[in-house]
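Quick caveat, the model's predicted, so the values are computed rather than measured. Just the heavy atoms: all of them, side chains too, but no hydrogens, waters or symmetry mates, feed the values below.
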Amino acid sequence: MCGIVGYVGPKKVAPLLLEGLKRLEYRGYDSAGLAIMNGKGVETRKVAGKISRLESLISAKPISGTLGIGHTRWATHGAPNEANAHPHVDEKHEFAVVHNGIIENAGSLRRKLEDLGHVFTSETDTEVLVHLIEAAFDGSLEDAVIEALHQVEGAYGIAVVSSRDPHKIVAARKGSPLLVGLGDGEHYVASDASAILAHTREVVYLHDGDLAVLDRSGYRIIGLDSLTQTRKVSKIDWDLAQMERGGFAHFMLKEIFEQPQTVASTLAGRLLLNTATAKLAGTNLSDEDLLAIDNIVITACGTSWHSGLIGEHMIEESARIPVEVEYASEFRYRNPIVNDRTLCIVISQSGETADTLAAMREAQRRGARTLGIVNVVGSTIARDAAAGIYLHAGPEIGVASTKAFTSQVVALALLTLKMARLRDLSVIRGREIIDALQALPGHIQQILDRAPEIEALAEEFKRAQNFLYLGRGYNFPTALEGALKLKEISYIHAEGYPAAEMKHGPIALIDELMPVVFIAPHDSVFDKVASNVQEVKARKGRVIAITSREEPSLAGKIDYEFRIPETIDMLTPVLAAIPLQLLAYYIAVKRGSNVDQPRNLAKSVTVE
Ligand code: M6R
């Protein structure tokens with residue numbers, strides 16, 4: 001989820017790249033750098049931190065040239081420091097690469113390259129690319145890039161320059177967006193058109209498997225088989241503000257729509273099909289450590305607490321380890337029973353939430369092992385937890401958490417799979433979980449393709465004063481999450497409840513004005529939820545149901561139905577959350593709320 005920009009033409013390149021990087025900063029902002037052809041070789045400037053620091057460095061130590069590439073990083077492999085910042089160069093500073101994405105076989109490639117004498121200076125997966133290109137170079141940069149890309153597995157958008165083929169930029173994509181910008185005697189490459197929109201509106205979007213070769217006089221696109229590809233030139237009509245959100249009206253909507261990719265990123269490289277388990281490299285927990293755990297405490301706040309509740313259900317059901325889920329703000333002031341055989345799972349998108357951090361420290365003080373499930377690389381929780389699982393969901397800018405939630409649930413499913421397979425979960429059941437995880441991105445996309453249905457539903461309910469969200473089993477937390485999404489951005493009062501618990505009080509609220517959202521996929525508690533639907537309908541409540549198949553028992557009882565694809569019970573919250581996020585979003589927009597920065601809230605709550 002980083003940003004790339006490159007330029008070849010007659011203008012001074014450093015200011016152009018800095019300007020482009022500033023426009024891309026929303027994509028990632030933990031470190032940045034440039035590589036410029038200075039007439040003699042490749043010269044780089046890199047900093048940890050924001051683009052403004054890179055700008056200061058370049059004012060203090062100018063760099064001149066008319067061809068170069070730049071990058072703003074959102075760390076995935078390695079801490080956000082100068083050494084890990086892009087561009088990465090080879091030992092002789094003859095080649096430089098910027099990269100978005102994840103090279104999944106970086107570990108094995110690195111070992112092979114080191115055996116051949118290559119010296120690595122960063123912890124990144126990207127650095128293998130520059131060494132592979134250098135090793136493959138035989139006079140043509142594009143040929144070397146093609147040879148290198150044949151060896152890598154994973155996702156990439158890259159831009160490459162070299163003093164040994166000094167008049168061109170070579171760019172390539174697979175799974176990470178990249179486009180070429182067309183000017184008069186000048187060409188650009190960027191991960192996102194916002195970086196170059198001030199200079200050109202004519203762009204060519206690269207397809208997966210494309211490689212673009214740009215110089216001052218022109219550009220050509222070839223495949224990894226070196227054959228020429230024809231791609232159409234598009235004209236961009238959006239303004240800059242829209243572009244930074246990728247054409248979406250709000251970051252929240254963009255982030256909702258990113259979920260097929262973000263869930264795929266959380267899964268990337270972590271499923272072991274043969275042994276039907278998960279590989280969680282960053283956990284630092286050996287199989288023996290995981291087997292020695294007697295109990296688990298999950299601590300978190302807000303949306304992250306909701307994913308923790310789903311994790312509790314998964315782990316107890318499949319791994320048979322007792323789990324308690326605690327609000328971090330409560331845990332820190334209790335006298336919790338944890339010891340050195342307790343695993344404390346700390347869930348936080350930002351990795352900086354004050355209560356969650358304090359809860360983690362309290363657990364550590366009492367001798368528990370801590371494992372962070374965090375999105376922001378290099379954040380305090382990520383650094384200080386004994387073990388960690390990164391979500392790899394990219395920057396979440398909208399205050400309402402969306403893509404982080406689905407990735408948290410997926411990360412918890414991976415951890416469950418790993419722990420359960422170490423205990424007594426069968427290979428067959430392990431494979432079923434893997435199949436269901438792999439199907440998630442496609443299923444999410446199917447739901448997103450039907451967003452207009454949810455928008456129409458929002459129109460119907462935008463004036464409601466209250467909402468009730470009901471679910472059972474895995475989807476009681478989904479009900480809580482649906483209610484939280486709605487209240488935080490639309491300011492409508494909403495409550496989530498276990499569906500059967502409704503009878504013990506909230507049922508008094510139900511009348512013909514009360515919308516009740518049932519999360520009712522066809523899972524092991526469906527029949528029970530169906531009875532609760534009947535109870536609401538008998539009191540004239542307006543029933544909106546998220547279902548997964550035609551259910552005769554609900555005939556005539558539902559006012560609005562939205563069907564999601566079927567999956568295994570433990571993953572139903574991932575799919576059910578998507579229409580609930582869309583419903584909250586569309587209602588909030590129709591009520592005129594500032595959905596990305598709702599009143600009174602902050603993206604990261606760093607005070608107690
Ligand atoms: O960064 P964290 O996951 O630790 O944040 C926890 C909560 O502050 C967060 O989930 C909050 O509830 C969101 N605004 C929910 O959309």
Side-chain angles (χ1 to χ4, degrees), residues 2-25 27-28 32-47 51 54-55 57-59 62-73 85-89 95-100 130 141-142 145 157-163 165-173 176-206 210-221 233-234 236 240 243-244:
C2 317
I4 287 177
V5 61
Y7 172 80
V8 48
K11 297 177 191 148
K12 284 188 177 164
V13 70
L16 270 172
L17 296 184
L18 283 170
E19 179 201 333
L21 289 179
K22 278 191 212 155
R23 303 237 181 252
L24 294 174
E25 198 165 21
R27 293 176 65 95
L34 305 180
I36 291 179
M37 304 298 305
N38 67 7
K40 290 185 226 114
V42 178
E43 196 173 348
T44 58
R45 298 281 183 277
K46 305 204 285 185
V47 293
I51 311 295
L54 183 63
E55 205 167 17
L57 175 69
I58 288 169
S59 319
I63 177 168
S64 67
T66 60
L67 184 158
I69 53 179
H71 188 267
T72 178
R73 180 168 184 249
H86 301 213
H88 289 286
V89 294
F95 298 83
V97 174
V98 291
H99 164 229
N100 292 352
V130 75
L141 186 57
E142 56 271 35
V145 171
I158 58 169
V160 189
V161 294
S162 171
S163 56
D165 196 357
H167 304 297
K168 60 175 73 149
I169 300 175
V170 174
R173 88 159 260 182
S176 200
L178 215 53
L179 56 86
V180 174
L182 313 182
D184 191 8
E186 58 185 10
H187 291 94
Y188 301 81
V189 62
S191 50
D192 176 327
S194 59
I196 59 172
L197 199 60
H199 305 284
T200 180
R201 286 179 176 271
E202 296 213 318
V203 301
V204 176
Y205 291 100
L206 298 187
D210 283 353
L211 191 123
V213 185
L214 334 173
D215 58 24
R216 282 190 184 202
S217 60
Y219 73 97
R220 66 201 167 86
I221 297 176
V233 176
S234 304
I236 294 177
L240 266 174
M243 288 294 305
E244 283 163 359

Task: Nearest non-hydrogen partners of Leu214 and Tyr219, listed with the distance - done: CD2-CB, 3.9 Å
Task: Step-by-step side-chain contact (heavy atoms from CB on, under 4.5 Å) determination, Ile158 to Val160 - done: CA-CA 7 Å; Ile158 58 169; Val160 189; 3.9 Å; yes
- [ ] For the pair Thr72 (side chain) and Leu21 (backbone), establish whether a donor and an acceptor sit closer than 3.5 Å, ignoring hydrogens and angles.
- [x] no
Open item on the list: According to ring pair (Phe, Tyr, Trp, His ring centres under 6.0 Å), who are the partners of His86, at least two apart in sequence or on a separate chain?
Closed with: His71, His88
Open item on the list: If you compare all heavy atoms of Leu141 against all heavy atoms of Asp165, which two are closest, and at what distance to 0.1 Å?
Closed with: N-OD2, 2.9 Å
Task: Contacts of type ring pair (Phe, Tyr, Trp, His ring centres under 6.0 Å), residue His167, not counting sequence neighbours - done: none
Task: Heavy-atom closest contact (Ala212 atom, Val180 atom, distance) - done: CB-CG2, 3.7 Å
Task: Side-chain donor or acceptor of Asn38 paired with backbone N/O of Gly65 under 3.5 Å - done: no
Open item on the list: Just to verify, what does Glu55 make a side-chain hydrogen bond (donor to acceptor under 3.5 Å, both in side chains) with, not counting sequence neighbours?
Closed with: Lys22
Open item on the list: Could you check whether any side-chain N or O of Ser163 sits under 3.5 Å from a backbone N or O of Gly41, counting only pairs where one atom can act as donor and the other as acceptor?
Closed with: no
Open item on the list: Given 3.5 Å as the limit, does a donor-acceptor pair link the side chain of Arg45 with the main chain of Pro62, or not?
Closed with: yes
- [ ] Give the intermediate values and the outcome of side-chain contact (heavy atoms from CB on, under 4.5 Å) for residues Arg220 and Glu142.
- [x] CA-CA 11 Å; Arg220 66 201 167 86; Glu142 56 271 35; 2.6 Å; yes
Task: Nearest heavy atoms of Ala159 and Ile4, plus distance in Å - done: CB-CG2, 4.2 Å
TODO: Carefully, step by step, assess Glu186 and His199 under the rule side chain to side chain donor-acceptor pair (under 3.5 Å).
DONE: CA-CA 10 Å; Glu186 58 185 10; His199 305 284; 5.9 Å; no
Task: Interatomic distance, Leu178 atom CG to Tyr205 atom OH [nearest 0.5 angstrom] - done: 12.0 Å
Open item on the list: Quick one, Val42 and Ile36 - any side-chain contact, counting heavy atoms below 4.5 Å?
Closed with: no
Task: Identified side chain to side chain contact (heavy atoms under 4.5 Å, CB included) counterpart of Val204 within the set Asp210, Leu179, Ile221 - done: Ile221
Task: Derivation of the side-chain contact (heavy atoms from CB on, under 4.5 Å) call for Val161 and Leu67 - done: CA-CA 9 Å; Val161 294; Leu67 184 158; 3.5 Å; yes
- [ ] Flag the pair Pro10 / Thr66 as yes when at least one side-chain heavy-atom distance between them is below 4.5 Å, and no otherwise.
- [x] no
TODO: Mind listing the closest non-hydrogen atom pair of Ile196 and Ala190 along with its distance?
DONE: CG2-CB, 4.1 Å
Task: Distance in Å, Glu43 CD paired with Ser64 OG, rounded so as to fall on 0.5 Å steps - done: 7.5 Å
TODO: Give, for atom CG of Asp192 and atom CG of Asn100, the distance between the pair rounded to the nearest 0.5 Å.
DONE: 10.0 Å
Open item on the list: Could you check whether any side-chain N or O of Lys46 sits under 3.5 Å from a backbone N or O of Pro87, counting only pairs where one atom can act as donor and the other as acceptor?
Closed with: yes
Task: Distance-minimising heavy-atom pair for Ala171 and Val189 - done: CB-CG2, 3.6 Å
TODO: With side-chain contact (heavy atoms from CB on, under 4.5 Å) as the test, would you mind laying out the steps for Val89 and Phe95 before giving the verdict?
DONE: CA-CA 5 Å; Val89 294; Phe95 298 83; over 6 Å; no
Open item on the list: Would you compute the distance between atom OG1 of Thr200 and atom CG of Asp184 and round it to the nearest 0.5 angstrom?
Closed with: 10.0 Å
Task: Any side-chain heavy-atom pair of Lys11 and Leu16 under 4.5 Å - done: yes
Open item on the list: For Gly9, is there any backbone N or O sitting under 3.5 Å from a side-chain donor or acceptor partner on Arg216?
Closed with: yes
Open item on the list: Nearest 0.5 Å, please: how far is NE2 in His187 from OG in Ser217?
Closed with: 7.5 Å
Open item on the list: As a test of understanding, state which of Ile69, Val98, Ile58 forms a side chain to side chain contact (heavy atoms under 4.5 Å, CB included) with Leu34.
Closed with: Ile58
